Amino acid sequence: MYDQIGKIAVLNVKGEIKKENLKKIKEIGKKILKENKHLETILLKKEKIKGRLRKAKYKHLCGKKNFETLYKENNCLFKLNLEKVYFNPRLATNRLFVAQDILTLIKSKKIRSPKILVAFCGVGVYGVVIGKILKKEGLNYKKITMVELNREAIKYAKENVLLNKLENFEIIQGDVKKILPRLKEKFEIILAPRPKLKNDFLKEIFLVSKRGSFIYYFDFVKKEEIGNLKEIFKEKLKNFKKRIKIFKIKKAGEISPSKLRVLIIFKLI
Ligand SMILES: C[S@@+](CC[C@H](N)C(=O)[O-])C[C@H]1O[C@@H](n2cnc3c(N)ncnc32)[C@H](O)[C@@H]1O
(Lines give C-alpha, C1' and ligand atoms only; values in the text may rest on other atoms or scores of the structure.)
Protein backbone atom coordinates (compact mmCIF):
# COMPACT_ATOMS: atom_id res chain seq x y z
CA MET A 1 0.00 0.00 0.00
CA TYR A 2 1.27 3.48 -0.79
CA ASP A 3 0.21 7.12 -0.49
CA GLN A 4 0.59 9.62 -3.28
CA ILE A 5 1.57 13.12 -2.26
CA GLY A 6 2.03 15.09 -5.46
CA LYS A 7 4.85 13.49 -7.44
CA ILE A 8 6.00 11.43 -4.45
CA ALA A 9 4.73 7.97 -3.53
CA VAL A 10 5.27 6.77 0.01
CA LEU A 11 5.30 3.05 0.74
CA ASN A 12 4.13 2.02 4.19
CA VAL A 13 5.48 -1.28 5.45
CA LYS A 14 4.47 -2.49 8.89
CA GLY A 15 7.08 -3.80 11.32
CA GLU A 16 10.85 -4.11 11.01
CA ILE A 17 12.25 -4.44 7.49
CA LYS A 18 15.00 -7.02 6.99
CA LYS A 19 17.77 -6.50 4.38
CA GLU A 20 16.45 -9.22 2.06
CA ASN A 21 12.97 -7.64 2.17
CA LEU A 22 14.35 -4.19 1.35
CA LYS A 23 15.50 -5.52 -2.02
CA LYS A 24 11.95 -6.71 -2.77
CA ILE A 25 10.49 -3.38 -1.60
CA LYS A 26 12.90 -1.50 -3.93
CA GLU A 27 11.68 -3.66 -6.82
CA ILE A 28 8.06 -2.80 -5.95
CA GLY A 29 9.07 0.87 -5.84
CA LYS A 30 10.66 0.65 -9.30
CA LYS A 31 7.52 -1.01 -10.68
CA ILE A 32 5.28 1.73 -9.22
CA LEU A 33 7.55 4.40 -10.73
CA LYS A 34 7.48 2.72 -14.15
CA GLU A 35 3.70 2.30 -14.17
CA ASN A 36 2.83 5.80 -12.91
CA LYS A 37 4.34 8.38 -15.22
CA HIS A 38 3.23 11.30 -13.03
CA LEU A 39 5.37 10.05 -10.12
CA GLU A 40 9.01 11.13 -9.75
CA THR A 41 10.07 9.80 -6.36
CA ILE A 42 9.44 6.66 -4.33
CA LEU A 43 10.04 6.76 -0.58
CA LEU A 44 9.66 4.21 2.18
CA LYS A 45 8.24 5.41 5.48
CA LYS A 46 10.80 4.09 7.96
CA GLU A 47 9.14 4.63 11.30
CA LYS A 48 6.12 6.07 13.03
CA ILE A 49 5.90 9.80 13.63
CA LYS A 50 7.94 10.87 16.62
CA GLY A 51 8.69 13.77 18.95
CA ARG A 52 6.93 17.08 19.54
CA LEU A 53 7.02 17.98 15.85
CA ARG A 54 5.46 14.62 14.90
CA LYS A 55 7.87 14.03 12.01
CA ALA A 56 8.43 10.71 10.23
CA LYS A 57 11.66 9.36 8.70
CA TYR A 58 11.81 8.22 5.08
CA LYS A 59 14.22 6.14 3.03
CA HIS A 60 14.68 7.10 -0.61
CA LEU A 61 14.00 3.97 -2.72
CA CYS A 62 14.18 5.17 -6.33
CA GLY A 63 13.54 8.04 -8.71
CA LYS A 64 14.49 11.63 -7.97
CA LYS A 65 15.85 12.10 -4.43
CA ASN A 66 13.44 14.77 -3.32
CA PHE A 67 11.28 15.23 -0.25
CA GLU A 68 9.48 18.45 -1.22
CA THR A 69 6.24 18.18 -3.14
CA LEU A 70 3.25 20.11 -4.38
CA TYR A 71 0.05 18.34 -3.43
CA LYS A 72 -3.59 18.98 -4.33
CA GLU A 73 -6.44 18.33 -1.92
CA ASN A 74 -9.98 19.66 -1.52
CA ASN A 75 -9.40 22.18 -4.33
CA CYS A 76 -6.37 23.56 -2.50
CA LEU A 77 -2.65 23.38 -3.25
CA PHE A 78 -0.07 22.57 -0.61
CA LYS A 79 3.70 22.71 -0.75
CA LEU A 80 5.52 20.71 1.91
CA ASN A 81 8.64 18.75 2.68
CA LEU A 82 7.79 15.31 4.02
CA GLU A 83 11.00 15.04 6.05
CA LYS A 84 10.63 18.41 7.71
CA VAL A 85 6.95 18.56 8.69
CA TYR A 86 4.00 16.45 9.82
CA PHE A 87 1.70 15.56 6.98
CA ASN A 88 -0.90 12.85 6.41
CA PRO A 89 -2.82 12.79 3.09
CA ARG A 90 -5.26 10.24 4.56
CA LEU A 91 -6.74 12.98 6.74
CA ALA A 92 -8.06 14.91 3.72
CA THR A 93 -11.61 13.67 4.43
CA ASN A 94 -11.39 14.95 8.02
CA ARG A 95 -10.36 18.35 6.70
CA LEU A 96 -13.26 18.49 4.27
CA PHE A 97 -15.69 17.37 6.99
CA VAL A 98 -14.49 20.08 9.39
CA ALA A 99 -14.55 22.80 6.72
CA GLN A 100 -18.08 21.87 5.62
CA ASP A 101 -19.28 21.67 9.21
CA ILE A 102 -17.87 25.16 9.92
CA LEU A 103 -19.55 26.45 6.76
CA THR A 104 -22.92 25.04 7.88
CA LEU A 105 -22.37 26.41 11.38
CA ILE A 106 -21.61 29.94 10.17
CA LYS A 107 -24.63 29.89 7.84
CA SER A 108 -27.14 28.36 10.27
CA LYS A 109 -26.09 30.40 13.34
CA LYS A 110 -25.58 33.52 11.21
CA ILE A 111 -22.12 34.10 12.72
CA ARG A 112 -20.90 37.35 11.16
CA SER A 113 -17.18 37.65 10.34
CA PRO A 114 -15.93 35.08 12.86
CA LYS A 115 -12.39 34.94 14.15
CA ILE A 116 -11.16 31.40 13.61
CA LEU A 117 -8.17 29.84 15.38
CA VAL A 118 -6.31 26.77 14.16
CA ALA A 119 -3.89 25.63 16.86
CA PHE A 120 -1.28 23.07 15.69
CA CYS A 121 -1.72 24.17 12.07
CA GLY A 122 1.19 22.23 10.52
CA VAL A 123 1.63 23.44 6.92
CA GLY A 124 -1.72 25.22 7.15
CA VAL A 125 -3.93 22.48 5.74
CA TYR A 126 -7.03 22.98 7.90
CA GLY A 127 -6.88 26.78 7.80
CA VAL A 128 -6.48 26.86 4.02
CA VAL A 129 -9.26 24.32 3.32
CA ILE A 130 -11.61 26.27 5.64
CA GLY A 131 -10.62 29.64 4.14
CA LYS A 132 -11.10 28.38 0.59
CA ILE A 133 -14.54 26.87 1.26
CA LEU A 134 -15.75 30.04 3.00
CA LYS A 135 -14.40 32.25 0.19
CA LYS A 136 -16.11 30.09 -2.44
CA GLU A 137 -19.43 30.52 -0.60
CA GLY A 138 -18.88 34.27 -0.34
CA LEU A 139 -18.73 34.14 3.47
CA ASN A 140 -16.46 36.52 5.36
CA TYR A 141 -14.20 35.70 8.23
CA LYS A 142 -12.50 38.44 10.21
CA LYS A 143 -9.26 36.44 10.32
CA ILE A 144 -7.91 32.93 10.51
CA THR A 145 -5.12 32.68 13.08
CA MET A 146 -2.82 29.67 12.82
CA VAL A 147 -0.26 28.60 15.43
CA GLU A 148 2.48 26.00 14.98
CA LEU A 149 5.74 25.13 16.74
CA ASN A 150 7.68 23.77 13.74
CA ARG A 151 9.51 26.64 11.96
CA GLU A 152 9.67 24.71 8.68
CA ALA A 153 5.92 24.03 8.78
CA ILE A 154 5.26 27.73 9.44
CA LYS A 155 7.32 28.63 6.37
CA TYR A 156 5.14 26.33 4.25
CA ALA A 157 1.91 27.50 5.93
CA LYS A 158 2.71 31.09 4.87
CA GLU A 159 3.49 29.95 1.34
CA ASN A 160 0.35 27.81 1.15
CA VAL A 161 -1.92 30.71 2.13
CA LEU A 162 -0.42 32.71 -0.76
CA LEU A 163 -0.56 29.75 -3.17
CA ASN A 164 -4.31 29.53 -2.55
CA LYS A 165 -4.79 33.29 -2.90
CA LEU A 166 -6.30 33.67 0.56
CA GLU A 167 -6.24 36.76 2.74
CA ASN A 168 -6.70 37.77 6.38
CA PHE A 169 -4.49 35.08 7.85
CA GLU A 170 -2.33 35.57 10.93
CA ILE A 171 0.39 32.89 11.15
CA ILE A 172 2.31 32.56 14.40
CA GLN A 173 5.30 30.33 15.10
CA GLY A 174 5.55 29.09 18.66
CA ASP A 175 4.30 26.81 21.40
CA VAL A 176 0.49 26.83 21.77
CA LYS A 177 1.06 26.80 25.54
CA LYS A 178 2.90 30.13 25.38
CA ILE A 179 1.23 31.80 22.38
CA LEU A 180 -2.45 31.32 23.27
CA PRO A 181 -2.22 33.04 26.70
CA ARG A 182 -0.45 35.97 24.97
CA LEU A 183 -3.15 36.42 22.31
CA LYS A 184 -5.51 38.08 24.81
CA GLU A 185 -8.45 37.67 22.47
CA LYS A 186 -11.35 35.27 22.05
CA PHE A 187 -12.29 33.29 18.97
CA GLU A 188 -15.75 32.26 17.80
CA ILE A 189 -14.43 29.05 16.25
CA ILE A 190 -11.42 27.09 17.51
CA LEU A 191 -9.90 24.07 15.87
CA ALA A 192 -7.32 21.89 17.66
CA PRO A 193 -5.94 19.08 15.47
CA ARG A 194 -3.53 18.41 18.30
CA PRO A 195 -0.60 16.00 18.45
CA LYS A 196 -0.95 12.79 20.43
CA LEU A 197 1.23 13.91 23.31
CA LYS A 198 0.67 13.96 27.08
CA ASN A 199 -0.56 17.55 27.17
CA ASP A 200 -4.22 17.94 26.18
CA PHE A 201 -3.86 21.77 25.75
CA LEU A 202 -7.45 22.28 26.98
CA LYS A 203 -6.38 24.96 29.49
CA GLU A 204 -4.91 27.11 26.71
CA ILE A 205 -7.89 26.51 24.40
CA PHE A 206 -10.31 27.73 27.07
CA LEU A 207 -8.22 30.89 27.54
CA VAL A 208 -9.04 32.00 23.99
CA SER A 209 -12.69 30.89 24.02
CA LYS A 210 -15.84 32.58 25.34
CA ARG A 211 -19.49 31.69 25.87
CA GLY A 212 -20.80 30.69 22.47
CA SER A 213 -17.43 29.60 21.05
CA PHE A 214 -17.50 26.42 18.98
CA ILE A 215 -14.56 24.10 19.53
CA TYR A 216 -13.41 21.33 17.18
CA TYR A 217 -11.17 19.25 19.41
CA PHE A 218 -9.26 16.12 18.43
CA ASP A 219 -8.73 13.50 21.11
CA PHE A 220 -7.28 9.98 21.28
CA VAL A 221 -9.22 7.15 22.88
CA LYS A 222 -9.21 3.40 23.32
CA LYS A 223 -11.61 1.66 20.94
CA GLU A 224 -13.70 0.28 23.79
CA GLU A 225 -14.24 3.82 25.14
CA ILE A 226 -16.04 5.09 22.05
CA GLY A 227 -19.52 4.26 23.44
CA ASN A 228 -19.19 6.45 26.52
CA LEU A 229 -16.96 9.15 25.16
CA LYS A 230 -19.39 11.92 26.10
CA GLU A 231 -19.14 11.03 29.79
CA ILE A 232 -15.35 10.53 29.62
CA PHE A 233 -14.86 13.91 27.94
CA LYS A 234 -17.18 15.73 30.36
CA GLU A 235 -15.25 14.17 33.27
CA LYS A 236 -11.99 15.40 31.71
CA LEU A 237 -13.39 18.96 31.63
CA LYS A 238 -14.65 18.90 35.23
CA ASN A 239 -11.65 20.80 36.63
CA PHE A 240 -12.15 23.66 34.18
CA LYS A 241 -15.63 24.41 35.53
CA LYS A 242 -16.93 25.14 32.03
CA ARG A 243 -20.45 24.38 30.87
CA ILE A 244 -20.41 22.77 27.47
CA LYS A 245 -22.78 21.23 24.99
CA ILE A 246 -21.41 18.42 22.84
CA PHE A 247 -22.82 18.43 19.31
CA LYS A 248 -20.94 15.67 17.58
CA ILE A 249 -18.43 12.96 18.29
CA LYS A 250 -16.91 11.47 15.18
CA LYS A 251 -14.29 8.80 14.55
CA ALA A 252 -11.45 10.53 12.71
CA GLY A 253 -9.00 7.69 12.07
CA GLU A 254 -7.34 4.63 13.53
CA ILE A 255 -3.97 5.38 15.09
CA SER A 256 -3.19 1.82 16.26
CA PRO A 257 -5.10 -1.48 16.41
CA SER A 258 -6.52 -0.43 19.80
CA LYS A 259 -6.67 3.37 19.56
CA LEU A 260 -8.73 5.89 17.63
CA ARG A 261 -8.50 9.56 16.83
CA VAL A 262 -11.85 11.25 17.48
CA LEU A 263 -13.24 14.67 16.71
CA ILE A 264 -15.39 16.23 19.41
CA ILE A 265 -17.40 19.29 18.41
CA PHE A 266 -18.70 21.27 21.37
CA LYS A 267 -19.89 24.71 22.38
CA LEU A 268 -19.23 26.71 25.51
CA ILE A 269 -22.57 27.66 27.06
C1 LIG B 1 -0.98 15.99 14.39
S2 LIG B 1 -0.03 17.31 13.71
C3 LIG B 1 -1.32 18.22 12.86
C4 LIG B 1 -0.78 19.19 11.84
C5 LIG B 1 -1.86 19.76 10.89
N6 LIG B 1 -2.96 20.33 11.59
C7 LIG B 1 -2.32 18.71 9.91
O8 LIG B 1 -3.44 18.21 10.05
O9 LIG B 1 -1.54 18.36 9.00
C10 LIG B 1 0.30 18.27 15.11
C11 LIG B 1 1.16 19.51 14.87
O12 LIG B 1 1.32 20.16 16.14
C13 LIG B 1 2.63 20.71 16.19
N14 LIG B 1 2.91 20.91 17.63
C15 LIG B 1 3.26 19.98 18.56
N16 LIG B 1 3.34 20.53 19.77
C17 LIG B 1 3.03 21.84 19.62
C18 LIG B 1 2.94 22.93 20.52
N19 LIG B 1 3.18 22.79 21.80
N20 LIG B 1 2.58 24.14 20.02
C21 LIG B 1 2.34 24.31 18.70
N22 LIG B 1 2.40 23.31 17.79
C23 LIG B 1 2.75 22.09 18.25
C24 LIG B 1 3.51 19.70 15.46
O25 LIG B 1 4.68 20.30 14.99
C26 LIG B 1 2.56 19.23 14.34
O27 LIG B 1 2.76 20.00 13.18
Side-chain angles (χ1 to χ4, degrees), residues 3 5-6 10 45 48-57 68-74 76-99 101-102 116-133 144-161 163-164 169-183 187 189-205 207-208 215-221 250 252-256 259-264:
D3 293 316
I5 309 164
V10 177
K45 196 169 178 182
K48 283 190 174 172
I49 55 167
K50 273 189 186 161
R52 282 177 92 191
L53 304 185
R54 316 309 288 149
K55 293 194 283 188
K57 284 219 164 83
E68 189 176 78
T69 186
L70 195 62
Y71 156 82
K72 201 170 178 187
E73 165 197 310
N74 294 316
C76 302
L77 269 179
F78 296 103
K79 197 168 167 189
L80 59 110
N81 184 312
L82 286 168
E83 272 202 321
K84 293 181 177 171
V85 302
Y86 170 92
F87 186 72
N88 186 348
R90 296 181 194 181
L91 301 181
T93 47
N94 284 351
R95 297 189 267 271
L96 182 63
F97 175 85
V98 167
D101 202 80
I102 289 177
I116 302 172
L117 170 71
V118 184
F120 318 102
C121 72
V123 297
V125 268
Y126 272 101
V128 167
V129 175
I130 294 165
K132 195 99 184 222
I133 245 180
I144 297 182
T145 299
M146 306 202 290
V147 182
E148 165 63 46
L149 188 60
N150 182 344
R151 288 178 193 278
E152 288 291 335
I154 279 289
K155 197 184 89 190
Y156 285 112
K158 287 180 180 165
E159 205 172 332
N160 290 331
V161 167
L163 258 177
N164 291 282
F169 272 69
E170 177 184 39
I171 303 168
I172 307 170
Q173 186 277 324
D175 187 336
V176 159
K177 267 181 85 175
K178 292 182 188 155
I179 302 291
L180 266 50
R182 276 188 221 149
L183 286 180
F187 294 82
I189 298 167
I190 299 165
L191 177 62
R194 71 180 183 95
K196 187 181 167 287
L197 295 170
K198 262 191 191 152
N199 197 327
D200 60 23
F201 298 96
L202 280 163
K203 185 178 149 202
E204 290 74 25
I205 290 166
L207 278 179
V208 290
I215 302 172
Y216 291 70
Y217 183 78
F218 284 87
D219 211 349
F220 304 94
V221 297
K250 188 186 173 314
E254 201 178 81
I255 53 160
S256 78
K259 281 201 159 180
L260 293 171
R261 179 189 298 104
V262 288
L263 168 63
I264 305 166

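None of the values given here were measured: they were computed from a predicted structure. Read the numbers this way: they start at 1 and go in the same order the structure lists the ligands and their atoms. Computed over heavy atoms, backbone and side chain alike; hydrogens, waters and symmetry mates excluded.
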Can you give the donor-acceptor pairs under 3.5 Å from side chains of residues 117-128 to other protein atoms, not counting sequence neighbours?
none

* **Non-neighbouring partners of Arg194 that pass salt bridge (Lys or Arg N to Asp or Glu O under 4.0 Å), sequence neighbours left out** => Asp219
* **Heavy-atom donor-acceptor pair, Gln173 side chain to Leu149 backbone, under 3.5 Å** => yes
Can you list every pair where an N/O of ligand 1 is under 3.5 Å from an N/O on the protein?
{"residue": "ligand 1", "atom": "6 (N)", "partner": "Phe120", "partner atom": "O", "Å": "2.8"}
{"residue": "ligand 1", "atom": "19 (N)", "partner": "Asp175", "partner atom": "OD1", "Å": "2.8"}
{"residue": "ligand 1", "atom": "20 (N)", "partner": "Val176", "partner atom": "N", "Å": "2.8"}
{"residue": "ligand 1", "atom": "22 (N)", "partner": "Leu149", "partner atom": "N", "Å": "3.2"}
{"residue": "ligand 1", "atom": "25 (O)", "partner": "Glu148", "partner atom": "OE2", "Å": "2.6"}
{"residue": "ligand 1", "atom": "27 (O)", "partner": "Glu148", "partner atom": "OE1", "Å": "2.8"}
{"residue": "ligand 1", "atom": "27 (O)", "partner": "Glu148", "partner atom": "OE2", "Å": "3.2"}

Name each donor-acceptor pair under 3.5 Å that joins a side chain in residues 175-183 to protein atoms two or more places apart or in another chain, with its distance.
{"residue": "Asp175", "atom": "OD1", "partner": "Lys177", "partner atom": "N", "Å": "2.8"}
{"residue": "Asp175", "atom": "OD2", "partner": "Arg52", "partner atom": "NH2", "Å": "2.8"}

* To do: Would you check if Ile116 and Leu191 make a side-chain contact, meaning some heavy-atom pair closer than 4.5 Å?
  => no
* Just checking, any donor-acceptor pair under 3.5 angstrom between side chains of Tyr156 and Glu68? -> yes
